[in-house]
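What follows is a short report on a single structure.
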Amino acid sequence: MKIILYHGRDTIFFNELKVASETLIDCEVHQSSPEADSLREQGFILKPHIIFMDAVHTKTLTEEVRWMKTLPLFQSTVMGALYQAESEVRNGEILLVAGVNLFHVLDTDSESFIQDSFQIAFGTRRLGREFSRAKDLKVQFSVGFFASLASVGHDTFTVETDLNLADSVSLTLPMSISAPMEISTSTEGGMVSPFLKTYEVKYPFAGPWETLDENSLQPETVETWIDLRKDKFDPRKRHLCLFTQDEKLIRNLPKKTSACWYQIFSHSEDAAGKLYQSNPGIIFFDLSDTEGPDLGQLAEVLRALREIDSNPLLVIFNSKSDSIAMRKIFEYEYILSVPTKFDVQLFLIFEKAFLEKNSSGEERYFLRPDDEERIIILDRLVILTSITERNLTFIIDSEIPYYTIARIDLPFPAYLTIVPSEGQLPVNRKGNHYSAIIHGLTNKNLADLRKVVHQLSYKSVTTLTKELVEAMLRQDDLPKIFEEQSAALTADRMPDSVVALKRDGRFSLKKNFKGKSKL
Amino acid sequence: MKNLLIVDDESLLVENMTFILAPYATKVFTGSNGKEGLRVLETEEIHCVVCDITMPVMNGVEFIKEARKKGFEVPFIFYSAYGNHELMLEVSKYGAFDFLSKPDFKDVEAIVSRGLTEGFKRKNPGLQSENDLISDYQLLLEKIQTGKDK
């Protein structure tokens, strides 16, 4: 059974959703009220494949979405945020970082948005209108991939992203520093948000031999920045891990802001890389009689802990064997066996005792889930190869996991969700060819985008610029602008894939890139 | 009253263990395999079992499995399995209390004494408390913190 939940109040959208869902076999559509119902609770009750939500109260929703998307139960749930106005969309970007997959402005084409969501959730072929496509393009433009500044320390900070980063990354930090920065460690999984990777990055402090100027970063700058916003950081400083498949148990965890970040795993395989970054103080293991974490998985968790040289306290609920026996079996000193089933009250007592003993510790500050300064954009140059008003395809040097979210400012401010293409996309030697859903556009932008698509179908364009887009909308004489573009564009500024394309222009038909997916 | 059951197919070992542990228990019962051990559990009030793993007729794994099936929640202390991770894991599924190393049986008196106390508590549930658990937990936290401070 396909379950769709609309957590909102727009009757028109809900009716359109019901009509669209009739194209699906075995589908139920539910509606809940943001005023009366909790999104989290509705999620546990219905276990929907898609959740659409009115995003009016972005700040409240952000923590709900973040928490849900870090749970195994909701990892594959497609989430779409609905806005009344364009201005709200830009302010709602923090929801994309929290785990929302698509944006929609309510007075625009809902049918296409809903079909896009079905495509992501169920892999169904897009129904509805076919859009005109400008094809065989080789247009260079910039795409900004969303990442998250999870925490800051005094020497390093952590960034969550879906992208594979090299040894260094160029970033702009909220303390107004923009420079290449050295990566010290990388681990699988997001530290607190549903990203695929976490990187620990060193601040590019000016060395003692360097001449200081206004662009130099000094430790005092970071200290001052941290000091000034101490009240704005999240009060949670430590991680607690819980291994369980018991949904009832997860549902009964504290609903208000807890004292620690909870990392919940259903299987030891999920945990291996993530434990290194989070360095949990306690791991709670809910031993299962039937399905769920068992002694074998407990052994794997301990193996992972030894590899990362970490020794948290391991509390094992529903354990038939005594603590001392378990310590001898697993050759690990810090095990406490609890013979009874997982108990939330006991869990809270343990959490409180842990925090009292660990009130001081590593100085690391986490940004709140709804703090817009979390948002980091990783800009990448890509080659646009085709575009419609709902979809575009592009070539990029690196590998991008499916369902990664990005932002574009040209031709108009909009958002992209990378999706598997419906057909084969040709590739060349150097680049990976991707398809992306365009979303978050207003009616005006849509109308203008149609004009640009039409123009691109007939004009040869190599780079998208603001001036060019404006000229296209005015339907100016474009050749003069193209001449200026060609002169400005030199090979050493282009990604390798572009150079390869421009040099030989040949494509070889290969199977479409079957990359990683974050859903 | 705290009664002990020792189960092993090596009669000399049983004799030695009985001699060592007699001061700590009210009565000591013995058996040469798991089947005999089960019979004793069914007829006598036992507060702790010390048991070998490899025995003829019924080995230690089968013994604890059958004992739990019949509702005997008495603490089981195993030896000879120590160091054999697979066997230790196997018996832990049914609730091992502790393990003794063979042949030196280091700390056997302390371990069995603890087992008898635990067995007595299990038969008198009012004596167990959540506070014991929380104390153990806090002790472990202290231990970790001390380890970090070094």
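Order of the sequence lines sets the chain letters (A, B, ...), proteins ahead of strands, with each chain counted from 1.
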For this session: Grab the two heavy atoms, one from A/E333 and one from B/L140, that are nearest each other, plus how far apart they are.
Result: O-CD2, 3.8 Å
Seminar exercise, completed: If one checks every heavy atom of A/E331 against chain B at 4.5 Å, the contacting part turns out to be neither
Problem set entry | NZ (B/K123) with more than 12 external heavy atoms under 6.0 Å | yes
For this session: Taking B/Y137 for its side chain and A/F350 for its backbone only, find out whether a donor-acceptor pair lies under 3.5 Å.
Result: yes
Seminar exercise, completed: Here the gap from B/Q138 atom CD to A/L336 atom CG, rounded to the nearest 0.5 Å, amounts to 11.0 Å
Problem set entry | A/K248 atom NZ, over 12 foreign heavy atoms within 6.0 Å | no
Seminar exercise, completed: Assert top hit (heavy-atom pairs under 4.5 Å, partner chain B, pool A/L287, A/I282, A/L295, A/D322) equals A/D322
Exercise. Can you say whether B/R68 sits under 4.5 Å from chain A via the side chain, the backbone, both, or neither, judging by heavy atoms?
Worked result: neither
Problem set entry | A/F330 side chain near B/L89 side chain, heavy-atom distance below 4.5 Å | yes
Problem set entry | Closest heavy-atom pair and its distance - B/S92, A/K320 | O-CB, 4.2 Å
Exercise. Chain A heavy atoms under 4.5 Å from B/Y94: which part of the residue, side chain, backbone, both or neither?
Worked result: backbone
For this session: Decide yes or no for B/I111 and A/I324: does some side-chain heavy atom of the first lie under 4.5 Å from some side-chain heavy atom of the second?
Result: no
Exercise. At a heavy-atom separation under 4.5 Å, does A/S337 approach chain B through its side chain, its backbone, both, or neither?
Worked result: backbone
Problem set entry | Check: B/F99 and A/I329 side chains under 4.5 Å, non-hydrogen atoms | yes
For this session: Using non-hydrogen atoms and a 4.5 Å limit, figure out which bit of B/E142 sits close to chain A: side chain, backbone, both or neither.
Result: both
Problem set entry | Separation of A/T340 OG1 from B/L133 CG (nearest 0.5 Å) | 7.0 Å
For this session: Hey, could you give me the OG/CZ distance between A/S321 and B/F76, rounded to the nearest 0.5 Å?
Result: 11.5 Å
